[in-house]
A.B. asks: 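Could you have a look at this structure, given as structure tokens, before my questions?
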Amino acid sequence: MKQLRNNIKAFLLIFLSLFVLFTGGVILQSQRARTTLLASSGENRAALAQRYSQAGSIISADGVILAASDTAGRRSYSSDPQLAEAALHVVGDYTHNISNTVESLWQNELLGEGRSLSEQLLLDIQGQGLQGNDLILSLRSDLMKTAYELLAGKKGAAVVINYQTGAILASVSSPSVHPDQVVAWKDIPDTSLFNRAFLGEYLPGSTFKIITASALLQSNLSTEETVMCQGSTPLIPGGVNETYSNAGHGEVNLQKAMAQSCNHYFGSVALQLGDQKISRAAEQMEFNQTISFDRFSLSKSQCLIGREDKAALTWAAIGQPAGKDIITVSPLHLAMISGMIANNGRMTEAYLLESMLYPSGNESTFNNRGDIIAQIDPGLAQELKDLLRQVVKSGTGVNAQVAGLDVCGKTGTAETFNQAGELVISSLFTGFSNNQDYPFAVAVVLDDSSYGSSVIAGQLLAAAANY
Ligand SMILES: [Zn+2]
């Protein structure tokens, strides 16, 4: 009898402690919900600061803190001001003045919300219940800084990815500002909060010749057939001519045309292929589709052509759409196109988050890394690779050469008019290092500089390989 009473006592005690823990957990949970509600209803700076006071850190792949909340509850960004500015558009700010950033899209995890009850209870017992989770990104702090320094305040974007894994190693937009200025909302230069790398909608210019070449290689037309370049004389009335080579490139086949970026050749090819084959080649490389990963979405790269006459088709072939035609590309997508060619025709899904660290020390990695989102024939990829190698070896892309690396790529120049009606020339380069040990693809876009992107691209590939 006494034994039974003792058993009952023990049972009641266990039940009681569980009950206290559970209620405690529920109280903490509801308190947390209340502060969240408070913050979201007011969304004023003080409430947001309060909300992020125990938020988790955002950390680069090489272990450098990009955002963290200190013991006094203050949230701050990288102690290196250059790095803080370089990472602004991806990391974001706790006031959410910039949307679509890690701070905003991954807020729940950073604040430790949405955990399962058991998980939360366990952390509550350990006194870590109010701490958020840390997020480890794929970004490399050294490459972020290098990219930002190379852009040197010019308007533009630079992206480096690992084309085998899909990891985004660097993604920088310029101009930028320090996150503290964004939080304080003062001294913010025009367009400096815009994530050009993800959301820019650029004319691809001659980088689009990769697509036209891909369409040609998949057709039954001969790549050895030559075209006589007419220089500054238009191919057909209203059609393409050579802006940068009055005398022209002489007689060119596909390889020479790609290396020299001959407009006459690709315009002439487009007239034989027609718009549909070019559109299809673009869609094989993810044009007209929304590319999303880790809750981020890129602005959709578009290829809507063939709505004008033959002259416009020749312009579309060189990535300089005319009339009602639309061709745009985002810098990250441009890097993924190069990555696809480098990776034997497989486009790997991009990612930005490596893993999540719980206050308990447990780490969880994310699934579906290395997923293939688009594919072209490996033989086609090899042919494109060989063409892009010549561009860097002896053509318009020689400035992207890096000693010891097999760099392949394509240059581009695009002309557009700004709101004031002035001609703006942008410079683009996309390419990759064709080395198994250095599987890096790059895209650089300078909004209003007519040259310079290939130099930056080469230096970025070199920096990535010197890690
Ligand atoms: Zn030419």
Side-chain angles (χ1 to χ4, degrees), residues 202-219 221-275 277-278 281-282 303 305 308-323 325 327 329 341 383-401 408-416 423 425-431 450-454:
Y202 290 96
L203 293 182
S206 291
T207 60
F208 195 75
K209 286 171 183 164
I210 295 173
I211 307 292
T212 309
S214 174
L216 170 64
L217 288 164
Q218 294 179 80
S219 75
L221 297 174
S222 163
T223 56
E224 283 313 309
E225 204 170 296
T226 57
V227 168
M228 184 55 90
C229 176
Q230 304 292 332
S232 52
T233 311
L235 178 68
I236 57 172
V240 292
N241 63 346
E242 305 296 340
T243 324
Y244 302 100
S245 172
N246 280 339
H249 300 108
E251 195 179 358
V252 292
N253 61 6
L254 174 60
Q255 196 195 51
K256 270 192 190 157
M258 188 67 113
Q260 297 304 320
S261 204
C262 176
N263 293 342
H264 270 99
Y265 180 86
F266 285 94
S268 158
V269 159
L271 291 175
Q272 295 174 70
L273 287 171
D275 59 280
K277 285 200 173 86
I278 296 174
C303 176
I305 61 171
E308 289 283 326
D309 51 15
K310 283 191 182 317
L313 181 58
T314 67
W315 287 105
I318 65 160
Q320 183 67 54
D325 286 350
I327 308 180
V329 73
I341 294 164
E383 286 180 288
L384 289 170
K385 196 184 277 186
D386 293 340
L387 290 171
L388 299 183
R389 180 177 292 112
Q390 282 306 317
V391 173
V392 176
K393 210 170 176 184
S394 62
T396 55
V398 288
N399 286 332
Q401 285 175 10
C408 310
K410 184 71 192 83
T411 52
T413 312
E415 294 184 352
T416 185
L423 178 70
I425 301 176
S426 50
S427 161
L428 303 94
F429 184 89
T430 183
S450 54
Y451 66 95
S453 56
S454 46

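Computed from a predicted model, the values in this text were never measured in an experiment. Both ligands and their constituent atoms are indexed starting at 1 by order of listing. Heads up: numbering here begins at 1 and tracks the sequence.
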A.B. asks: Please state the angle at the Zn ion (ligand 1) spanned by SG of Cys262 and ND1 of His249: what is it, rounded to 10 degrees?
C.D. replies: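 Between SG of Cys262 and ND1 of His249, at the Zn ion (ligand 1), the angle is about 110°.
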
A.B. asks: If the cut-off is 2.8 Å, does any N/O/S atom of Cys229 fall short of it from the Zn ion (ligand 1)?
C.D. replies: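 Yes - counting backbone and side chain alike, Cys229 has an N, O or S atom under 2.8 Å.
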
A.B. asks: Above 12 or not: heavy atoms from other molecules or residues under 6.0 Å from NZ of Lys385?
C.D. replies: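 Counting neighbours around NZ of Lys385, more than 12 heavy atoms of other residues, nucleotides or ligands fall under 6.0 Å, so yes.
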
A.B. asks: Measure the shortest side-chain to side-chain distance between Thr243 and Thr413 over non-hydrogen atoms and say whether it is less than 4.5 angstrom.
C.D. replies: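 No. Closest side-chain heavy atoms not under 4.5 Å.
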
A.B. asks: Are there over 12 heavy-atom neighbours, none belonging to Tyr451, within less than 6.0 Å of that residue's OH?
C.D. replies: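 No - once you tally the heavy atoms of other residues, nucleotides and ligands closer than 6.0 Å, there are 12 at most.
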
A.B. asks: Would you name the N/O/S atom of Glu242 that lies closest to the Zn ion (ligand 1)?
C.D. replies: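 The closest N, O or S atom of Glu242 to the Zn ion (ligand 1) is OE2.
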
A.B. asks: Side-chain contact test, heavy atoms from C-beta onward, threshold under 4.5 Å: evaluate it for Asn253 versus Ser222 and give yes or no.
C.D. replies: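 Not in contact.
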
